[in-house]
Amino acid sequence: MTGTATRLQAAVVGLGRLGTACALALLDDPELALAGIVRRADAPAHAPGRLQRTAVVGHVRELPAVDVVLVCVPAGDATDVALALLQQRLPVVECAALDGAALMRHHQVLDDAARRHRTSAVVGAGWNPGAWSAFVASFERMIPRGQTVQQRHPGTALHHSAAAAAIDGVRAALEAEVAGTRYVYVELERGARLDAVRERLAADPLFVGVPTQVFAVDDAGALEDREHQGVVLERLGTAASGHHASLLLEARFDLHDFAARAMLDAARQVRGLPHGAHRYALW
């Protein structure tokens, strides 16, 4: 296993949406370089777009220098693919969406192999599993007594948008309702104040009596992109937690881009970890 003195050489196994996101992120990363892409023998021999000059091979051993491998295959194949790589003493990063007994078995198999072959792996290094659980854990540590509410935004099923867009000071708007709360995204007219828009919206008959959160965005129309998802994480403290504390995280993002960023974060760390398989955390 070799690499350059300045940038770790990372190979990507699989070129679906996650693999493509990882490969593109590697092209722009200052610490990691894209060593090549590993695909099935029946897949195209060239990658598309910005990746067209990247080496595409059928097996990782065909690449001249690899320091870490990002496994971007379906969850059902992740254990076998990662195991084969660890047997070649290659550090591995993967983010298979497994839970329960399947996750425990997956982790144990990779941990045993990594220890036996004196290398390391990071499992669950994506958005969920991965970074999302870190956000949840941090909220629950800050407010140890209370209730956690997690909801997805329906990315395209947005309601009451026309009514919100008709409010003075609003150029365009989108609205979603999650767990009894309305989340309104407004693109403001020049000179309009968000506080004033909130007041007008709260007085509108369609929004009266319903908890409503209003957020200013640069381009409301861009939120309709089907490739993006949204989530709301809310932690509501009990009286015993102190002053009825609460925390709210509202996010809209591309799932595969976020997962790729988590995998690259893990790739920067994996070679410094003890031998074995490790659950991903935000270092």
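Side chains included, hydrogens not; waters and symmetry mates left out as well; all remaining heavy atoms used.
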Under 3.5 Å donor-acceptor, Ser133 side chain and Pro129 backbone: no
Aromatic ring pairing Tyr185/Phe215, orientation class (parallel under 30°, perpendicular over 60°, tilted between): parallel
Side-chain H-bond candidate by donor/acceptor type, His278 with Gln269, under 3.5 Å: no
Presence of salt bridge, Arg17 and Asp254, under 4.0 angstrom: no
Evaluation steps, side-chain contact (heavy atoms from CB on, under 4.5 Å), between Val60 and Val66: CA-CA 8 Å; Val60 70; Val66 175; 4.1 Å; yes
Gap between atom CD1 of Ile167 and atom CZ of Arg198 - 0.5 Å precision: 13.5 Å
salt_bridge(Arg268, Asp29) N-O dist < 4.0 Å: yes
Any donor-acceptor N/O pair, Arg200 side chain to Asp168 backbone, under 3.5 Å: yes
Min side-chain heavy-atom separation Val122-Leu273 under 4.5 Å: yes
Check: Gln88 side chain, Leu90 main-chain N or O, donor-acceptor pair, under 3.5 Å: no
Pair Arg115 + Asp111, salt bridge at N-O below 4.0 Å: yes
Side-chain (Arg7) to main-chain (Glu31) donor-acceptor, under 3.5 angstrom: no
Side chain to side chain donor-acceptor pair (under 3.5 Å) between His106 and Thr79, worked out: CA-CA 6 Å; His106 176 71; Thr79 302; 2.6 Å; yes
Non-hydrogen side-chain atoms of Phe135 and Leu233 separated by less than 4.5 Å: yes
Stepwise side chain to side chain donor-acceptor pair (under 3.5 Å) check, Thr148 with Glu140: CA-CA 8 Å; Thr148 300; Glu140 294 179 346; 2.9 Å; yes
Donor-acceptor under 3.5 Å (His59 side chain, Arg61 main chain): yes
